Colleague: 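Pasting in a structure now, in structure tokens, and then I'll have a few things to ask.
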There are 2 protein chains.
Amino acid sequence: MGKLLIVGTVAFDAIETPFGKTDKILGGAATYIGLSASQFSVDSGIVSVVGGDFPKEYLEMLNSKNIDTSGIEIIKDGKTFFWSGKYHNDLNTRDTLITDLNVLANFKPVVPEHFLNSDFLMLGNLHPSVQLSVIEQISSKPKLVVLDTMNFWMDNTLDELLEVIKKIDVITINDEEARQLSGEYSLVRAAQKIHKMGPRYVVIKKGEHGALLFNNGDVFFAPALPLEEVFDPTGAGDTFAGGLLVIWRVHMISLLEI
Amino acid sequence: MGKLLIVGTVAFDAIETPFGKTDKILGGAATYIGLSASQFSVDSGIVSVVGGDFPKEYLEMLNSKNIDTSGIEIIKDGKTFFWSGKYHNDLNTRDTLITDLNVLANFKPVVPEHFLNSDFLMLGNLHPSVQLSVIEQISSKPKLVVLDTMNFWMDNTLDELLEVIKKIDVITINDEEARQLSGEYSLVRAAQKIHKMGPRYVVIKKGEHGALLFNNGDVFFAPALPLEEVFDPTGAGDTFAGGLLVIWRVHMISLLEI
């Protein structure tokens, strides 16, 4: 038991921070979640889509980390999803410069047969209808379904997002998104409202200030390690989600074995 | 052993938050520090100054909490220090509307004789030359000297402030003040620079995000309890400092007794 399926973007990012600038580099929510989870031994697979421009070396790198990429569809004459952003001086805020959906625009996810019985499902940031389609494909009810999302989907596809949120166990969002989704400034009240939308567990990420886990009236706080130097925070939330999911999985498995 | 001396303002505050508005109520750094410390059994005294307009009932209330007020000078024909401020919607930022120094303008602190051998000294937010004068009056070197200060003194009396900071063990400041004092954005680097100014312990308060304690390359993190409702955050930092000091004192005494 213990298969972990990750759905999310596999992408190119071009990033500018006060400390440096990159051309297209490997990015995407599923990439960060998968690489983070792979630090622990886990059978994981990614469901995503890329274009013919996506380097084979990147897929091989993921495979070498024991991440199954057979669910990453390659559209030969398409282009990979591209995001470009520029961070402000405090690294807590950023402007999106370019969002080229490319092959993501018509993405119909297909879960490989050997992942249809996944026990753990991580729905990375993506269109909620894509997230919903994956939930519906998993034949056995997973032990844990975790969803990450963003203000973009709250602005543009709220109804579909609320539909997915009904069906998950854990939601991970940042403080501003929690406020937007709930209409409450207090994070305690925001979590209460989001609980009522579906998830038993509400994880609110506060960047450098750590993260709060709300469940059944209890609250657990995880601090963030203060760093001397922060170079590029892209993917930090996904990396956190990948680690959280794997730790949770280990914990649930050990509970089941006892 | 274990006498605790607190120096700081005893004041009137008028406060406006998104949730309510007060006329003149009891305020001041020494008031909050003293009331917080009094929750634990401790022999404490306050050194401060008030005007003839300061209600006797407030002094009696402090006495009833086992706080010695013989060091609070009363200038009969003077007026008590008055501060008025308005909080913004997020309660993390505020505008000062009025600062009437009144009797504080010419304050020459006098430590009562029975507190000249204090073991623990808390220098609440005040003019650094007042803080320095109290350090110089304490005959025996205290076991722990804690200083709280604000951006106002960094802007206006930086040289005097640096002189006091040389002589203390612990500084408590908020994140923005740590950045201003050190010229470093990273709190890890800010703490390193502030260590070099004198204090072995640097406590950086982050409001609702908790507080960091830096010492000798180590960092300890204390979360803040997330509240459903925040009504008025005035004095939160002083209340925290009062509690911190008393816990520290208990810890040091128990170490000495072992």
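No experiment lies behind these values; they were computed from the predicted model shown. What's counted below: heavy atoms across the whole structure, side chains too, no hydrogens, waters or symmetry copies. To find a chain, count down the sequence lines: A is the first, B the second, and so on, and within it residues start at 1.
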Colleague: Testing B:Leu4, B:Val250, B:Ile247 for side-chain contact (heavy atoms from CB on, under 4.5 Å) with B:Phe40, which one passes?
Modeller: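 Going through B:Leu4, B:Val250, B:Ile247 one by one, the side-chain contact (heavy atoms from CB on, under 4.5 Å) with B:Phe40 is satisfied by B:Ile247 alone.
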
Colleague: What part of A:Gln192 gets within 4.5 angstrom of chain B, counting heavy atoms only: side chain, backbone, both, or neither?
Modeller: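 Contact with chain B is through the side chain of A:Gln192 alone.
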
Colleague: Which atoms of A:Leu212 are under 4.5 Å from chain B, going by heavy atoms: the side chain, the backbone, both sets, or neither?
Modeller: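 Side chain of A:Leu212 only, per the 4.5 Å heavy-atom cut-off to chain B.
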
Colleague: My understanding is that only one of B:Ile135, B:Thr149, B:Ile171 makes a side-chain contact (heavy atoms from CB on, under 4.5 Å) with B:Leu123; could you say which?
Modeller: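 Testing B:Leu123 for a side-chain contact (heavy atoms from CB on, under 4.5 Å) against B:Ile135, B:Thr149, B:Ile171 leaves exactly one candidate, B:Ile135.
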
Colleague: What orientation do B:Phe221 and A:Phe221 show, parallel under 30°, tilted 30 to 60°, or perpendicular over 60°?
Modeller: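 Rings of B:Phe221 and A:Phe221: parallel, as their planes differ by under 30°.
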
Colleague: Exactly one of B:Val164, B:Leu121, B:Val134, B:Val170 should register a side-chain contact (heavy atoms from CB on, under 4.5 Å) with B:Val145. Which one does?
Modeller: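 It is B:Leu121, the one option of B:Val164, B:Leu121, B:Val134, B:Val170 that forms the side-chain contact (heavy atoms from CB on, under 4.5 Å) with B:Val145.
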
Colleague: Tell me, out of A:Glu184, A:Glu208, A:Glu229, A:Glu228, who's got the most heavy-atom pairs with chain B below 4.5 Å.
Modeller: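 Among the listed options, the one with the most contacts to chain B is A:Glu228.
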
